[in-house]
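Here the structure is laid out as structure tokens; the discussion comes afterwards.
All ligand and atom numbering here is 1-based and tracks the order in the structure. Note that the numbering runs from 1 along the sequence shown for the chain. Predicted, not measured: the structure shown is a model, and the values here were computed from it.
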Amino acid sequence: MKNDTWGRVKQQLLEAVGRNDYANWIEPLQLKKVDNGVAHFSVPTSFMANWVSRNFADQILMHLKASKVPASRVDFKVEVARPAQDAPTEATAAPVEQTSALATSTPEVEVADLPSAPLDARFTFDNFVVGKPNELAHAAARRVGEGGPVTFNPLFLYGGVGLGKTHLMHAIAHEIKQRDPEARVLYLSAEQFMYRFVQALRDRQMMDFKQLFRSVDVLMVDDVQFIAGKDSTQEEFFHTFNALVDQGKQIIISADRAPGEIKDLEDRIKSRLQCGLVVDLHPTDYELRLGILQTKAENYRTQYPGLVFAEGVLEFLAHRITTNVRVLEGALMRLFAFASLVGREITMDLAQECLADILKASDRKVTVEEIQRRVSEHYSIRLSDMIGPKRVRVIARPRQVAMYLSKQLTSRSLPEIGRRFGGRDHTTVMHGVRRIEELQTTDSQMFEDVEMLRRALEG
Ligand code: ADP
Ligand code: MG
């Protein structure tokens with residue numbers, strides 16, 4: 001495989017796992033070779049090798065396959081670049097700020113030293129643009145940020161990548177601290193929670209760990225889906241959670257899906273998470289994207305007063321870049337950087353030229369045929385059965401999934417889709433689409449299948 005292919009796959013993984021995970025776990029991987037269907041990677045430590053193969057192997061494989069790399073398995077081998085070290089391997093893999101926070105959490109340090117993950121100063125309520133898709137989440141976050149008696153506990157925010165969950169959580173933390181500088185607010189990702197827990201176990205500092213987590217006023221755990229399937233971490237999380245709720249302390253949790261949809265999360269935790277207020281961030285719509293672009297462009301303009309947008313450029317971007325807000329922001333940032341370098345007005349031509357790759361990526365047209373092929377591969381049925389007459393469930397269900405994805409990912413109308421599925425009626429397509437919509441909310445396997453297929457098709 002060519003190196004640039006791995007480069008591209010890494011880029012997709014960055015999108016898929018987020019900056020933190022990417023920096024910690026993906027970036028250090030080196031692809032050595034692809035041989036007999038096995039992609040061989042070298043990693044710096046055995047801790048990493050374990051971790052990555054347990055937590056990221058599937059995703060890596062999926063993205064490799066999506067880029068047509070002939071791999072059906074991944075393998076991670078430790079290759080020590082420097083002379084062997086005695087230092088705990090975990091410390092190597094951990095983000096720097098965690099290591100230092102942990103290093104100081106010895107008994108003589110007061111509990112006051114909260115090892116909160118750093119908050120992004122830009123993630124405030126002022127900088128959050130409210131639209132239909134996020135107004136409920138925003139209102140709930142605002143309410144919790146006001147402090148006072150705890151009304152809903154926990155506040156559970158969920159939604160897809162880049163829709164503003166982390167932004168809202170940081171905004172709550174800023175707000176609470178501003179109103180009450182003494183408030184002990186602990187914000188961290190579920191992964192960091194686990195990491196601290198493992199470290200405390202290893203260093204026999206569980207008492208300190210428990211004391212620390214039970215001493216906060218507000219606990220925020222981001223991306224909680226991460227602890228699914230990790231039994232002892234879940235157990236500890238559950239106890240921490242209960243202890244804080246009993247003390248009337250506020251808890252705020254985020255995840256990429258609703259509590260009930262998180263696979264391998266203990267039922268008692270699911271039901272605990274559902275006890276408070278559960279709100280979701282919907283995918284952005286055109287108005288929200290435009291609003292975000294206008295607000296951000298306004299901010300940039302205070303830095304580069306000379307720069308102006310030609311008529312229609314922002315509308316064009318809001319229309320064309322629909323993936324997530326992070327991508328939208330990246331596009332705008334690039335435009336400003338470019339325009340400030342060349343000192344030109346930001347015209348439509350400039351935008352198209354400078355953002356060609358982003359536009360092309362979001363432009364990728366998926367075809368119904370491609371969807372049928374992917375879906376039949378996924379469910380191991382024959383492609384011809386997609387358009388054939390069979391009605392047994394093992395065939396009919398995948399067919400409905402393909403119809404659903406065709407509706408979602410292409411601009412084809414229901415009758416057009418029906419024609420491509422062996423001349424079926426548009427009502428049949430509509431029924432299929434509805435069925436899959438329903439199933440996704442009740443059947444987590446279906447949810448996962450559809451998500452995976454969607455990502456593979458869009459990737
Ligand atoms: P998530 O945690 O849901 O994956 P983030 O909170 O990290 O997403 O948001 C991704 C980026 O998009 C951040 O830079 C954030 O500031 C920005 N963003 C998302 N939604 C909004 C919004 N409604 N208004 C302004 N910026 C937003
Ligand atoms: Mg986030």
Name the one of Phe241, Phe238, Phe237 that satisfies ring pair (Phe, Tyr, Trp, His ring centres under 6.0 Å) with Phe193? Phe237
Ile436 and its side chain to side chain contact (heavy atoms under 4.5 Å, CB included) partner, picked from Gln400, Lys407, Met403: Gln400
Mind checking what residues have non-hydrogen atoms under 4.0 angstrom from ligand 1? Phe123, Asn127, Phe128, Val129, Asn134, Gly160, Val161, Gly162, Leu163, Gly164, Lys165, Thr166, His167, Ile292, Lys296, Val325, Arg326, Glu329
Hey, mind stepping through Tyr195 and Glu191 against side-chain hydrogen bond (donor to acceptor under 3.5 Å, both in side chains) and telling me if it holds? CA-CA 6 Å; Tyr195 180 75; Glu191 182 180 11; over 6 Å; no
How far apart are the C-alpha atoms of Arg334 and Glu329, what are their side-chain angles, what is the distance that settles it, and do they pass the salt bridge (charged side-chain N to carboxylate O under 4.0 Å, His left out) test? CA-CA 9 Å; Arg334 200 197 290 177; Glu329 280 182 340; over 6 Å; no
Got a donor-acceptor contact below 3.5 angstrom from the Thr410 side chain to the Thr367 backbone? no
Around atom CZ of Arg143, are there more than 12 heavy atoms from other residues, nucleotides or ligands closer than 6.0 Å? no
Restricting to under 2.8 Å, identify the protein N, O or S atoms around the Mg ion (ligand 2) as residue plus atom. Thr166 OG1
Hey, can you tell me if Phe128 and His138 have their rings parallel, tilted or perpendicular (30° and 60° cut-offs)? parallel
In terms of relative ring orientation, are Phe123 and His167 parallel, tilted or perpendicular, with 30° and 60° separating the classes? parallel
Lys296 NZ/CZ over Tyr300 ring centroid, <6.0 Å and within 45° of normal: no
